[in-house]
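Quick caveat, the model's predicted, so the values are computed rather than measured. As a basis for the values below, the full set of heavy atoms in this structure was taken, side chains included, without hydrogen atoms, waters or symmetry mates.
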Amino acid sequence: MELFNSASGKNITFVRPAYFIISGFIGIPNMKYYYVFLFFVYIVSVLGNTAVMAIIYLDHNLKTPKYIVVFNLAFADLISSSTLVPKVLDIFLFNHYFIPYDDCLTFLFFCYTCLSMQALNLVALAYDRLVAITYPLHYQAKVTHKFMFSLIASFWIFVIIAVLIAVGLITRLSFCKSVVVNSYFCDHGQIYKLACNDITPNRVIGNLLPVLILWCPIIFILCSYLYIGHALAKVATVQERVKAFRTCTTHLSLVAIYFIPILITFTMSAKIHPNARIINLSLSSVFPPMLNPIIYVLQTQEIKNSLAKVGVLRKLFR
């Protein structure tokens, strides 16, 4: 972080608070029921994503480029839920509102990194579907294990660097007034707005990150499906079109669950009550990790077949 704090060699002292106060859910009635709900969502998320990862790891038939992305999505969902929900419950259920400065920035880093990777995993799955449907004869040559590992690794590197820059820019801010963060976690936007020195670089990165991590992925996904729709329009029979499009239903469900709530909340944030915004954003953060494995188990034939094999093995060993 020295790069961000050198201040071009000038003798500048940054005023850093000992802690931040997370106040997002304070004052909202009947919140204990919501915390019980969050705990239930967390347990389902952990069990579901762990199960999906185990199935992909154990079943040789699922060791394909597509399921490399599905495994990574489940991994990112698991880390995201485990980073966010237990800490939120600790803060608000046990009244630990005071979070040390360094711990808050670490919390911010892991939350934003994992939530961002969820969106980029959906981009990788969109590319997989695009090539599989529009270039089926070249699919195995274009979408290889090496390519998919490289794509996922590049996404992780990109997200980590982007979030590290955002966190690093916060360390050059001075907090000489309020340290109350009006959110349910250490929210980047809510933190840098509390600073009393120049926040221009923070505002720039705060506006740039949603473009890179939300709008660019959804635009790519929409364009890929427009191209897929154009390619399917050339297919001779309706039955062949439906059969091809069915392979996309799982991915489209994941896209809808992740992007629609968060984009609606961001778009309408100025028109809704702050408490409603906080609740909506918290739900947008915890619902996709819970629903993603359920959708894959229910809608993906390969995983159903793998689960059926496990059932057969259990019967054999009884």
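Between Asp77 and Pro288 the shortest heavy-atom distance is OD2-O, 4.2 Å. A pairwise comparison of heavy atoms in Tyr192 and Arg203 identifies OH-CA, 3.6 Å as the closest pair. Nearest heavy atom pair, residue His188 against residue Asn202, reads CE1-O, 3.8 Å. Here the closest non-hydrogen pair linking Pro217 and Val123 is CB-CG2, 3.4 Å. The shortest non-hydrogen separation linking Cys114 to Ser80 is CB-CB, 3.6 Å. Closest approach of Leu125 to Tyr296, counting heavy atoms only: CD1-OH, 3.5 Å.
Counting heavy atoms from C-beta on, the side chains of Leu254 and Phe259 never come closer than 4.5 Å. Two residues are said to be in side-chain contact when any heavy atoms from C-beta on lie closer than 4.5 Å; Tyr258 and Leu291 fail this criterion. Side-chain contact between Leu283 and Pro261 is absent, with no heavy-atom pair separated by less than 4.5 Å. Looking only at side-chain heavy atoms (C-beta outward), Val88 and Val286 stay at 4.5 Å or farther from each other. Thr171 has its side chain within reach of Arg16: a pair of non-hydrogen atoms, C-beta onward, lies under 4.5 Å apart. At a threshold of 4.5 Å between non-hydrogen side-chain atoms, the residues Ile133 and Cys248 count as touching. By the 4.5 Å heavy-atom criterion applied to side chains, Phe149 and Pro65 are not counted as neighbours. A 4.5 Å side-chain heavy-atom check between Lys66 and Met148 finds every atom pair outside the cut-off.
With hydrogens and angles ignored, the 3.5 Å screen pairs no side-chain donor or acceptor of Thr50 with any backbone N or O of Leu47. Here the side chain of Arg172 pairs a donor or acceptor atom with the backbone of Asp198 at under 3.5 angstrom. At distances below 3.5 Å, at least one donor-acceptor pair connects side-chain atoms of His251 with backbone N or O atoms of Leu122. Side chain of Tyr97 to backbone of Val180: no donor-acceptor contact under 3.5 angstrom is found. A donor-acceptor pair is defined here as one N or O able to donate and one able to accept, closer than 3.5 Å; no such pair exists between the side chain of Asn72 and the backbone of Asn121. With Thr113 contributing its side chain and Phe110 its backbone, the two residues share no donor-acceptor pair below 3.5 Å. Remark: side-chain polar atoms of Asn49 are paired, donor with acceptor, to backbone N or O of Ser45 under 3.5 angstrom. Between the Tyr184 side chain and the Phe92 main chain, no donor and acceptor come within less than 3.5 Å of each other. No donor-acceptor pair under 3.5 Å is formed between the side chain of Asp90 and the backbone N or O of Pro86. Side-chain N or O atoms of Asn280 include one that pairs as donor or acceptor with a backbone N or O of Ala276 at under 3.5 Å.
A ring pair (Phe, Tyr, Trp, His ring centres under 6.0 Å) with Tyr127 holds for exactly one of Tyr225, Phe155, Phe147; it is Phe147.
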Donor-acceptor pairs under 3.5 angstrom involving side-chain atoms of residues 23-38: please list them, not counting sequence neighbours.
{"from": "Ser23", "atom 1": "OG", "to": "Val181", "atom 2": "O", "distance (Å)": "3.2"}
{"from": "Tyr34", "atom 1": "OH", "to": "Ser282", "atom 2": "OG", "distance (Å)": "2.5"}

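Residue-environment remark: CZ (Phe75) stays at or below the threshold of 12 foreign heavy atoms within 6.0 Å. The 12-atom threshold is not exceeded at CZ of Phe39, counting heavy atoms of other residues, nucleotides or ligands nearer than 6.0 Å. More than 12 non-hydrogen atoms from other residues, nucleotides or ligands lie less than 6.0 angstrom from NZ of Lys63.
Rounded to the nearest 0.5 Å, atoms CD1 (Ile56) and CG (Asn61) are 12.5 Å apart. A distance of 8.0 Å separates CD1 in Ile55 from CG in Leu62, rounded to the nearest 0.5 Å. One distance of note links CG of Leu108 with CD1 of Ile191; it measures 5.0 Å at 0.5 Å rounding. The CZ atom of Phe109 sits 12.5 Å away from atom CD1 of Ile170, with the distance rounded to the nearest 0.5 Å. Atom-to-atom distance recorded for Cys176:SG and Leu194:CG is 10.5 Å, nearest 0.5 angstrom. How far CZ of Phe20 is from OH of Tyr101: 6.0 Å, rounded to the nearest 0.5 Å.
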### Message
Pair Val41, Val85 - check side chain to side chain contact (heavy atoms under 4.5 Å, CB included), show working.
### Response
CA-CA 9 Å; Val41 169; Val85 178; 5.9 Å; no
### Task
For disulfide bond (SG atoms under 2.5 Å apart), just list the numbers for Cys186 and Cys111, CA-CA rounded to whole Å, side-chain angles, deciding distance to a tenth of an Å, and then say yes or no.
CA-CA 9 Å; Cys186 293; Cys111 286; over 6 Å; no
### Query
Which is it for Ser183 and Ile22 under the side chain to side chain contact (heavy atoms under 4.5 Å, CB included) test, yes or no, and what are the steps along the way?
CA-CA 6 Å; Ser183 186; Ile22 309 300; 5.7 Å; no
#### Entry: Test side chain to side chain contact (heavy atoms under 4.5 Å, CB included) applied to Leu263 and Trp215, step by step
CA-CA 9 Å; Leu263 290 177; Trp215 292 108; 3.8 Å; yes
### Message
Checking Phe98 against Ile21 for the side chain to side chain contact (heavy atoms under 4.5 Å, CB included) test, could you report, in this order, the C-alpha distance in whole Å, the side-chain angles of both residues, the deciding distance, and whether it holds?
### Response
CA-CA 5 Å; Phe98 296 77; Ile21 302 172; 3.6 Å; yes
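No path of Ile, Leu, Val, Met, Phe, Trp and Tyr side chains, each step under 4.5 Å between heavy atoms, connects Ile161 with Val204, placing them in separate hydrophobic clusters. No chain of hydrophobic side-chain contacts below 4.5 Å, direct or via other Ile, Leu, Val, Met, Phe, Trp or Tyr residues, connects Leu130 to Leu226. Linking ILVMFWY residues whenever their side-chain heavy atoms come closer than 4.5 Å, directly or via other members, leaves Leu115 and Val163 in distinct clusters. Cluster annotation: Leu93 is connected to Ile43 through the hydrophobic network of ILVMFWY side chains, with a link wherever side-chain heavy atoms come within less than 4.5 Å. Hydrophobic clustering of Ile, Leu, Val, Met, Phe, Trp and Tyr side chains at less than 4.5 Å, counting indirect connections, unites Tyr112 with Phe107.
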